[in-house]
Amino acid sequence: MEQQAHLVVMVGIDGSSIGAAEMLLGGHAPLGGVFIGSDPTRILADGSLSRLQARTHALVAVDDEGGRVQRIDRLVGPLPSAAQMGAMPVEQVRSLAAARGRQLRARGVTVDFAPVVDLAEAARGGVIGDRSFGADPRAVTDRAAAFADGLRSAGVIPTLKHFPGHGSGQGDSHSGTVSTPPLSSLQRSDLVPYAELAGPGAGQTWVMMGHLDVPGLTEPGRPASLSPAAHRYLRDEVGFRGLIVTDELGGMRAVSSRYSAGRAAVLALGAGSDLVLYAKAAQGPIAAQAIEAAVRNSSLPASRLTEAASRVREAQGC
């Protein structure tokens, strides 16, 4: 149980040193993986992360979308923004993503928190803005599918985000609550790409749950990342069978202003997520201990933890 509780946790590490990753991914109860959100140039350039990943089979994630959110541009050059790729032919997008995927995988990265499938409904300067492939659901679906295919061809797992759709939401989940239009509206717009990209037969793909309050879907006070109803919709209505990862739980105010790190982990697992994400490494053990305690006191079913851990092991190739 202790090992499973650690396995369903991923934390951020400083990209300047491999020491933290070695500590978190080794020992009796290693975490499921690490996320490199800060500048990862050093540990990606010297091969230390690649060697550690090969030895531990841990998940190593970055958010390399292109444009203003990319991680290896200092090593290999820039990747165009999603908005720029939205104007490109589909095959060109696939080729760019395949090349980027090979560059990531050669450095030990196994998961990319991309592509963004949010629609560019809000102004380009918003939290999503040029991170979106466009405003048309069909165009977004086609480019996101090409981007995901390119990553998979290189052995990198793509992640569709931010379910059920951040593009038309009001606010920034980094700083506070975000509300979207009602579910009935999202079904005609933001949810359209998921029907094809996350449906049965989608292949090796993850979905990231956003911290979004959705009228007609999420329970009061529960953003989608902690909402059983949102997870049921993704599983039962969309038909997604892959791994569900939360958006960052420990520092994004849409969650952290309402719940402690440990409580958020338990709620996310109970709602249906398989992997909980924290930017700070110190929050990983707190989350794992809270999950283990919740199983022991029966507030979190042991079967739910086992199911989540099994999906993480599958993603690790174990």
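Remember, it's a predicted structure, so these values are computed and weren't measured experimentally.
The side-chain heavy atoms of V140 and V192, taken from C-beta on, include no pair separated by under 4.5 Å. Contact annotation: the side chain of Q316 approaches that of L7 to within less than 4.5 Å [non-hydrogen atoms, C-beta and beyond]. No side-chain heavy atom of H211 sits less than 4.5 Å from a side-chain heavy atom of V178. Residues Q283 and V11 fail the side-chain proximity criterion, which asks for heavy atoms closer than 4.5 Å. For the pair S50 and Q53, the minimum side-chain heavy-atom distance is 4.5 Å or more. Two residues are said to be in side-chain contact when any heavy atoms from C-beta on lie closer than 4.5 Å; P164 and T180 fail this criterion. Side-chain contact between R258 and L226: absent, with no pair of heavy atoms (C-beta onward) separated by less than 4.5 Å. Contact check for L75 versus R107: side-chain heavy atoms found under the 4.5 Å cut-off.
Atom CZ of R102 is separated from atom CG of L151 by 11.0 Å, given to the nearest 0.5 angstrom. With rounding to the nearest 0.5 Å, the separation of CD in Q70 from OG in S81 is 9.0 Å. Taking CD1 of I18 as the reference point, atom CG of D46 lies at 7.5 Å (rounded to 0.5 Å). For the atom pair I13 CD1 and L25 CG, the distance stands at 7.5 Å (nearest 0.5 Å). Between the CE atom in M209 and the CG atom in L249 there is a gap of 11.5 Å [rounded to 0.5 Å]. For the atom pair CD of E292 and NE2 of H6, the computed distance is 7.5 Å after rounding to the nearest 0.5 Å.
Between the R311 side chain and the E307 main chain, no donor and acceptor come within less than 3.5 Å of each other. Looking only at distances, a side-chain donor or acceptor of S256 sits under 3.5 Å from a matching main-chain atom of M252. Side chain of T141 to backbone of P137: a donor-acceptor contact under 3.5 angstrom is found.
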Between Q4 and V295, is the side chain to side chain contact (heavy atoms under 4.5 Å, CB included) condition met? List the steps. CA-CA 11 Å; Q4 287 185 337; V295 173; over 6 Å; no
Worked verdict on Y278 versus E248 for side chain to side chain contact (heavy atoms under 4.5 Å, CB included): CA-CA 5 Å; Y278 292 86; E248 202 277 326; 4.2 Å; yes
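When M85, R100, R94 are each tested for a side-chain contact (heavy atoms from CB on, under 4.5 Å) with F147, only one passes: M85. Checked options E65, R68, Q84; the residue passing with D130 is R68 (criterion: side-chain contact (heavy atoms from CB on, under 4.5 Å)). Of the candidates L267, V255, L212, P223 forms a side-chain contact (heavy atoms from CB on, under 4.5 Å) with just one, namely V255. Just one residue in the list D63, D112, D64 forms a side chain to side chain donor-acceptor pair (under 3.5 Å) with R71, and that residue is D63. Of the candidates R232, E219, R222, S227 forms a side chain to side chain donor-acceptor pair (under 3.5 Å) with just one, namely E219. None of I244, T159, L160 except one satisfies the side-chain contact (heavy atoms from CB on, under 4.5 Å) rule with W206; the exception is T159.
Heavy atoms only, all atoms of each residue included: A268 and V276 are closest at CB-CG1, 3.9 Å. Nearest approach of R241 to R235, heavy atoms of both residues: NH1-O, 2.9 Å. Nearest heavy-atom pair across P115 and F133 is CB-CE1, 3.8 Å. Shown here for A120 and S132, the closest heavy-atom pair between the two residues is N-OG, 3.1 Å. V238 approaches L234 most closely through the heavy-atom pair CB-O, 3.2 Å. Among all heavy-atom pairs drawn from V207 and A198, the shortest one is CG2-CB, 4.1 Å.
A continuous path of hydrophobic side-chain contacts links V62 to V76 [ILVMFWY only; heavy atoms under 4.5 Å]. Placement of V69 and L44 in two distinct hydrophobic clusters is found when ILVMFWY residues are connected by side-chain heavy-atom separations under 4.5 Å, directly or transitively. M23 and V60 fall into different hydrophobic clusters, where Ile, Leu, Val, Met, Phe, Trp and Tyr residues are linked whenever their side-chain heavy atoms come under 4.5 Å apart, directly or through other members.
Side-chain contact of R152 with T205: a donor-acceptor pair under 3.5 Å is present, judged by distance alone. Q187 and Y233 share a donor-acceptor pair across their side chains, judged by distance under 3.5 Å alone. For the 3.5 Å distance criterion, the side chains of D190 and S168 qualify, holding a donor opposite an acceptor.
Ring pair F163/F240: centre-to-centre distance not below 6.0 Å.
Ion pair E196/R138 flagged as a salt bridge, since at least one NZ, NE, NH1 or NH2 atom sits closer than 4.0 Å to an Asp/Glu carboxylate oxygen. The existence of a salt bridge linking R304 and D274 is confirmed by a sub-4.0 Å separation between a basic side-chain nitrogen and an acidic carboxylate oxygen.
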